[in-house]
Structures are given as structure tokens and as C-alpha cells.
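For reference, the structure is listed below as C-alpha cells.
All values reported here derive from a predicted model rather than from experimental measurement. Residue numbers begin at 1 in each chain, while the letters A, B, ... track the order of the sequences.
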2 protein chains.
Amino acid sequence: MDAIKPKKTLVEETYDILVDAICTSEFRPGERLNQDEIAARLKVSRQPVNSAIAILKSEKLVEDTGRRGVVVSALDPDLFRSIYEYRQLVEPFTVRFAIDRKPADAARTAREVLDRGHHAVAEGDMRALLGADRDFHEMIYGWSGNLVVQNSMRTNWNHIRRAMAEVLSDPAKAGPIWDEHEAIVNAMFARQSDRAAELMTQHIRLAYDQNPSPVFGVAEAS
Amino acid sequence: MDAIKPKKTLVEETYDILVDAICTSEFRPGERLNQDEIAARLKVSRQPVNSAIAILKSEKLVEDTGRRGVVVSALDPDLFRSIYEYRQLVEPFTVRFAIDRKPADAARTAREVLDRGHHAVAEGDMRALLGADRDFHEMIYGWSGNLVVQNSMRTNWNHIRRAMAEVLSDPAKAGPIWDEHEAIVNAMFARQSDRAAELMTQHIRLAYDQNPSPVFGVAEAS
DNA sequence: ATACCGTATTTCGTATACGAAATACTGATT
DNA sequence: AATCAGTATTTCGTATACGAAATACGGTAT
């Protein structure tokens, strides 16, 4: 019997809702977040909205405009470049560690995540695709056992989602991505450390290189 | 003429004060943060304290205990290991990029930072040492031009500071660290990319390896 | 027509109030 | 002495109030 799970506070719920709205471009880059309106929409007082916005600020999803509140941060090509530079460095490393550190049920988990991705491709569901893509990578970060990577990639994926929300991508183009995911996982389970890491490096480089404009033409998150 | 710099809000100031109190072990791991007491001490209402704590929560410097508020997070050996694992991966990378991306005044800045470090060694001032150490590494992160590394290492250094605050280290032992810093900078300015990166790798590995217990016997942050 | 000034309105930071939930304390029972 | 139940107190999440600062608007002067 587990402990009763504490409910999320209104601050936490508000934060989640705002993150999602920003990352799906419901709130556009540069758009002002009006606390009264948000509070009215969510049917809460302004105070939890104000607190949630303070957290968003610390995560740079929104930025200050002085006394007149915050705007959604602009999509920053420098940040995007940094994220992909970083991913090319860090994710092959997570692959290497994941091979040795993955838990006993890793094969089952991997199968589920891959199936979910292939299913999203078949359904042509862009939102599910992005979620599955993120799940795939987060699975590997988790297996790597490195808490710093897990934490830093959590916020990085929010920025990736934002960039992806700016374009209408063709889900059909996502097919090869999931083949690449399969190949990475196969190499990992075959304990081919170098091959798996190289496949991941190529995978991420390809995602970035196929981007005709660093932010607005993003074809794939990964 | 620059824009008038907006003042920090009470939430921001409170957050800064709390971070410092946690990172210098004024608030001990496991200790409850009482909002009323903190508000009274800082002579503000509870609301900005509550908001500041919400941000600390999202950064994992404090954790929830249900309805009775938050406690300062325990020093987690896994997190510490992750941080050093991560640093050994990421900081040589920042060194390599810094060589090409450093600004025109980099040599002057480096000199200032190194002088500050040597001065803190001579003064035997542990707190200044830790600050200078952090400044040294942040200088290189900044030169590398990678925003993700800069952001993630900001919170990581808070955790490093916490671990350091648990022990009374001998400042005299910090001397060789600054010699290592000098060597790294010299290799960078000589554009010896491989050598600089390797020196940084060794430097960080040495800092971690000299730690008899992953958290409590930390001799050096770097 | 444009610029300026005064007033009204909006918005947000923060203080205060309220009530729910958790914890501490006390007295009664076994 | 140990346990339980009831009550009091503490603490925090959130709503509401207040006031400062920013912005919008309307009228007047040039």
C-alpha cells in the first residue's frame, strides 16, 4: 500500500498548463501573458498564476518587460543551435552509459516506446509523434543514470517543442526517424557501444542539418 | 544612455537569499523552511517567500513534505556523481569551443579571474575561493557560446557549493588548483585544443577522485 | 495637425485574510 | 504506562485587498 499521493497545488497545475500552452504555440513568442485573463480562464485567483509565471521566468520560457508583466520568450536560434550542439555531445554519452545501466525491464520498455512511435507515424498524429520522440530520448537519459542530463533535457525538450510547434510538419516524414530509433536500440541491446553512440550522433546531426532555417524550418525534433 | 534597470522583485531577492543560505549550509539538508519565520526575518509578507520557495522546488534545492512545507534537499551522492560525470564530458567540450569563440577581451578577463583566485588562496578565504573557482569555469562556459551548458551549470554549481559547505576545507590545498587553471588557460590561448581539453578533463577527474566520500569529503570543487 | 498634460484605467507586486490540513497537546480511558 | 479522542495551534495554499507603476484616453494649447 502506497502513501496517498499529494495533490498538485494550483501553482503546479497552472505551471503545467502554461508550459503546454507555450510549447504548443497557443501562446505565441512575444505574446503578453495577462495574469487576470489567465486567472479568469483557469478559474483561480491571480496569486497562483503569478507564482507559476515566476517559475516560467526562471526557466526562460517567458521574459520580463518591466512592470507590465512578461512575454513569451522569442524563439532564439542561438539557443536552438546550443541545444543541438549539446545533444550531439551528451546523447551519445547517455547511450554508452545506458548500455551498462539499463534496468532489467529495459527491453520491454523500449518495445513499448518504439511501438508507440510507429503507431503515431501510422496515425499521422504530429502531437503524439513529438511526445513519443521525447519519450524515446528520455528513456535513454533515464537508463544512463545521469541526473544532470535528465534534468537539463527536460527543459530543453520544452524549447524543442516550441520550435516544432511553429511549423506544420508532415508526419509521414517521421517514418525514417523511428527506423533510426530502432537501429539505435538494437545496437544498444547488442552491446555495440561505439555503433550505438555513432548512430545517435548521426541521428541528432541529421535532425539539425535537415533544418533549412535553424528555428522555423525544423523538420524533425530528432 | 542605458535603460533604467528594473529593480529586482521581492520574490527574486528572497530567492537569491534563500539559495545562498542553502548553498552555504546556513539551512541544513533536511531542515524545514518555515515561511512565517523567513518572512519575519526578511521583513516581507509571506507571499514572496512562498513564490521563491516554489522556484527552489522546481530546481530541486528543496523538496516537498506534503502540506507541511518543504525541507532542504538531502545531499545526494547520485547527483554529485552525475554532476562530475557530466562535467568531465561537458567542460572539455566548452574548452574546445571557447578557443574559437572567446571574445576580444578574453585574455584580460582570464587574467583578472586567475588573479582573483590566487589572491583568495593567499588570503585563505574559502568562500572567495569557491566564488573564484566558479567564476573561472563560468568564464569558459560563457566563451563556449553554448547557452545550454551555461544554464545547466548555473544550478549545478549551487549543488557543488552545498557539498563544499559541508566540509571545512583547507584553503592552502587550493593552490595547485589555480596552477591547473593557469595551465588550462595557457593551453587555450596557445590554441592547443587537445591539450587544453585534456588538462580540463584531468582537472575535473582529480577534483572528484580526491573525494574520499562522494559528498562529505570533498576537497575541491574543481 | 501635433504635442502636451491631466485623468482614468489597467496591470502587477505584495500585504492581508481566510480556511483547510497537519501537528501538538491535554485529558480520559484502559 | 500506553492509547485514544477531542481540542488548540501552527502552517501553508489561495483568495482578496491595496497601492504603485504603466498605459490609454480625452481635452487643451500651439
To the nearest Å, how far apart are [X] [atom1] and [N] [atom2]?
{"X": "A:Lys43", "N": "D:dT16", "atom1": "NZ", "atom2": "P", "value": "14 Å"}
{"X": "A:Leu10", "N": "D:dT14", "atom1": "CG", "atom2": "P", "value": "4 Å"}
{"X": "B:Ile38", "N": "D:dC12", "atom1": "CD1", "atom2": "C1'", "value": "12 Å"}
{"X": "A:Gln47", "N": "D:dC18", "atom1": "CD", "atom2": "P", "value": "18 Å"}
{"X": "B:Leu42", "N": "C:dA15", "atom1": "CG", "atom2": "C1'", "value": "15 Å"}
{"X": "A:Asp36", "N": "D:dA15", "atom1": "CG", "atom2": "P", "value": "13 Å"}
{"X": "A:Glu12", "N": "D:dT14", "atom1": "CD", "atom2": "C1'", "value": "13 Å"}

Which nucleotide in the set [options] lies at the smallest distance from any side-chain heavy atom of [X]?
{"X": "B:Gln35", "options": "D:dA17, D:dC12, D:dT14", "value": "D:dC12"}
{"X": "A:Asn50", "options": "C:dG13, D:dT14, C:dA15", "value": "C:dG13"}
{"X": "A:Val11", "options": "D:dA15, D:dT14, C:dT14", "value": "D:dT14"}
{"X": "A:Arg32", "options": "D:dT14, D:dT11, C:dC12", "value": "C:dC12"}

Within less than 4.0 Å of OP1 or OP2 of C:dT11, is there a side-chain N or O belonging to A:Asn34?
->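 Answer is yes, contact under 4.0 Å.
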Could you state the interatomic distance from CZ (A:Arg46) to OG (A:Ser51), rounded to the nearest 0.5 Å?
-> 10.5 Å
Between A:Pro48 and B:Glu37, which has a closest nucleotide on DNA chain D that is more 5'?
-> B:Glu37
Nearest nucleotide by nearest heavy atom, which residue falls closer to the 5' end of DNA chain D, B:Leu33 or A:Arg46?
-> B:Leu33
Output side-chain donor-acceptor pairs under 3.5 Å for residues 94-103 of chain A, partner residues at least two apart or in another chain, one line each.
residue  : atom : partner  : partner atom : Å
A:Thr94  : OG1  : A:Glu91  : O            : 2.6
A:Arg96  : NH1  : A:Ser193 : OG           : 3.3
A:Arg96  : NH1  : A:Asp194 : OD1          : 2.8
A:Arg96  : NH2  : A:Asp194 : OD1          : 3.3
A:Asp100 : OD1  : A:Arg191 : NH2          : 2.5
A:Arg101 : NH1  : A:Ser144 : O            : 2.7
A:Arg101 : NH1  : B:Glu85  : OE1          : 3.2
A:Arg101 : NH1  : B:Glu85  : OE2          : 3.4
A:Arg101 : NH2  : B:Glu85  : OE2          : 2.7
A:Lys102 : NZ   : A:Ile99  : O            : 3.1

Ring centers of B:His181, B:His118 separated by less than 6.0 Å =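 No, the ring of B:His181 stays outside the 6.0 Å limit from the ring of B:His118, centre to centre.
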Do the rings of A:Phe136 and A:Trp178 sit parallel, tilted or perpendicular, given the 30° and 60° boundaries?
-> perpendicular
B:Arg41 meets the side chain to side chain contact (heavy atoms under 4.5 Å, CB included) criterion, sequence neighbours left out, with B:Glu26
Tell me what A:Ile53 touches on the nucleic acid: a base, only sugar-phosphate, or nothing, going by heavy atoms under 4.0 Å.
->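 No contact at all - A:Ile53 keeps every heavy atom at 4.0 Å or more from the nucleic acid.
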